[in-house]
*Asks:* 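The structure that follows is given in the form of structure tokens.
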Amino acid sequence: MRSVRGTTSNPKVTHFGNSESVSHIPTILVFDSGLGGLTVLREIVRARPDARYVYAADDAFFPYGQHSEDAIVARVVPVIGELIAAHAPDLVVIACNTASTLVMGHLRRAWPVPFVGTVPAIKPACARSVSKRVSVLGTSGTVKREYTRTLIADFAGGCDVTLVGSADLASMAEAELGGGSIDDADLLAEIAPCFVDRGAAGRTDTVVLACTHYPLLLARFMALAPWPVTWIDPAPAIARRVVELLGPGDATATAPAAQMLFTSGRPHAMAAALAPFFGAAAVHHA
Ligand code: DGL
């Protein structure tokens with residue numbers, strides 16, 4: 001792997017920003033396997049437009065959904081260590097369900113910086129479902145996780161939960177963001193298993209978007225859905241958690257420049273398409 005700083009990292013980190021200073025601008029590191037985490041970043045930027053953002057995409061290892069659990073832990077923990085050493089963030093958001101359902105304990109044990117993870121929003125989905133039929137659409141990795149099964153056991157509250165794993169939707173979402181055209185039939189084949197109709201016993205009324213890439217396709221999903229459902233995107237809840245941890249900040253402050261990093265080191269072809277996710281901030285690509 002190419003170093004995320006372009007240099008060899010020093011894993012010994014002693015400083016996570018200076019939260020005592022009144023004028024301190026917090027640095028928020030948002031991490032995903034690729035571009036899906038931008039859907040989470042977008043909500044955090046709306047809530048804290050005054051923060052300094054570093055968005056890191058582990059595109060050299062994308063898609064995470066195809067890797068084993070051990071391989072993801074072995075990959076993500078040191079990459080996050082390098083990013084912490086390089087950027088001294090005040091808070092780190094793991095904007096990836098496939099990683100968060102595995103690595104949060106490892107990260108919290110390794111570094112004292114606050115971490116916010118992204119895990120399938122099963123509890124709020126089941127609480128709001130009227131038909132008590134909820135589907136969870138995630139990567140094939142996320143739907144297999146023990147963590148996800150435990151969320152269902154603890155929070156389904158009498159709901160019938162259907163797990164739908166997709167091997168390709170994250171890549172389709174990146175293609176769509178890049179201006180490619182994904183066929184309706186291909187997208188429908190991925191989401192169709194979410195729509196369960198048991199006749200008089202009710203049908204699915206709520207679908208959890210359990211991969212941060214999927215909100216990029218939400219307009220397409222809504223157009224293709226065989227009947228209307230509520231789609232649960234966890235990003236607003238994650239933004240609220242960030243504000244709880246860092247405070248409300250100053251909504252009138254000028255946005256500091258943001259940084260976007262790719263672990264492949266490839267210059268990114270879609271810089272213009274990605275800029276709106278960062279709000280008013282100028283984005284430097286590295
Ligand atoms: N965005 C990631 C998630 O939330 C996964 C995409 C991938 O397979 O890398 O699960």
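Each residue takes its place number in the sequence, starting with 1. One-based numbering, in listed order, for ligands and for the atoms of each.
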*Asks:* Apply salt bridge (Lys or Arg N to Asp or Glu O under 4.0 Å) to Asp50 and Arg48, showing your working.
*Replies:* CA-CA 5 Å; Asp50 58 326; Arg48 284 297 308 257; 2.9 Å; yes
*Asks:* Against Tyr64, only a single residue in Asn97, Asp32, Asp58 fulfils side-chain hydrogen bond (donor to acceptor under 3.5 Å, both in side chains); can you say which?
*Replies:*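 Of the listed options, the one satisfying the test is Asp58.
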*Asks:* Return the closest protein heavy atom for atom 5 (C) of ligand 1 as residue, atom name and distance.
*Replies:*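 Answer, as residue, atom name and distance: Thr98 OG1, 3.4 Å.
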*Asks:* When you measure from atom 7 (C) of ligand 1 to every protein heavy atom, which one gives the shortest distance, and what is it?
*Replies:*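 Here the closest protein heavy atom is Tyr64 N, 3.3 Å.
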*Asks:* Looking at ligand 1, would Ser33 count as a contact under a 4.0 Å heavy-atom criterion?
*Replies:*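 The answer is yes, since Ser33 has a heavy atom less than 4.0 Å from ligand 1.
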*Asks:* If I apply the N/O under 3.5 Å rule, does Asp32 come out as touching ligand 1?
*Replies:*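 Yes.
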*Asks:* Give the residue, atom name and distance (to 0.1 Å) of the protein heavy atom nearest atom 8 (O) of ligand 1.
*Replies:*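 I find the closest protein heavy atom is Gly65 N, 2.9 Å.
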*Asks:* Could you tell me which atoms of ligand 1, counted from 1 in the order shown, lie closer than 4.0 angstrom to a heavy atom of Ala170?
*Replies:*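 Going through ligand 1 atom by atom, the ones under 4.0 Å from Ala170 are 6 (C).
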*Asks:* Is the backbone N or O of Arg52 less than 3.5 Å from a side-chain atom of Thr27, with the two atoms forming a donor-acceptor pair by type?
*Replies:*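 Not at all, since once roles are kept as given, no pair shorter than 3.5 Å links the two residues.
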*Asks:* Can any side-chain N or O of Arg42 pair as donor or acceptor with the backbone N or O of Gly279 at less than 3.5 Å?
*Replies:*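 Judged by distance alone, no pair lies under 3.5 Å.
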*Asks:* Spell out, as yes or no, whether a donor-acceptor pair under 3.5 Å connects the side chain of Thr204 to the backbone of Phe195.
*Replies:*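 No, Thr204 side chain to Phe195 backbone: no donor-acceptor pair under 3.5 Å.
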*Asks:* Are any of the N/O atoms in Thr212 less than 3.5 Å from those in ligand 1?
*Replies:*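 For ligand 1, there is an N or O atom that lies under 3.5 Å from one belonging to Thr212.
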*Asks:* Determine whether Thr98 and Ile72 make a side-chain contact, defined as any pair of heavy atoms from C-beta on separated by less than 4.5 Å.
*Replies:*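 In contact.
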*Asks:* Short list, please: which atoms of ligand 1 are under 4.0 Å from a heavy atom of Asn97?
*Replies:*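 So the answer, numbered in order with elements, is 3 (C), 4 (O), 10 (O).
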*Asks:* Looking only at side chains, do Thr230 and Thr206 share a donor and an acceptor under 3.5 Å apart?
*Replies:*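 No, no side-chain donor-acceptor contact under 3.5 Å.
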*Asks:* Could you identify the single nearest non-hydrogen protein atom to atom 2 (C) of ligand 1 and state the distance to 0.1 Å?
*Replies:*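 The protein heavy atom lying closest is Cys96 SG, 3.3 Å.
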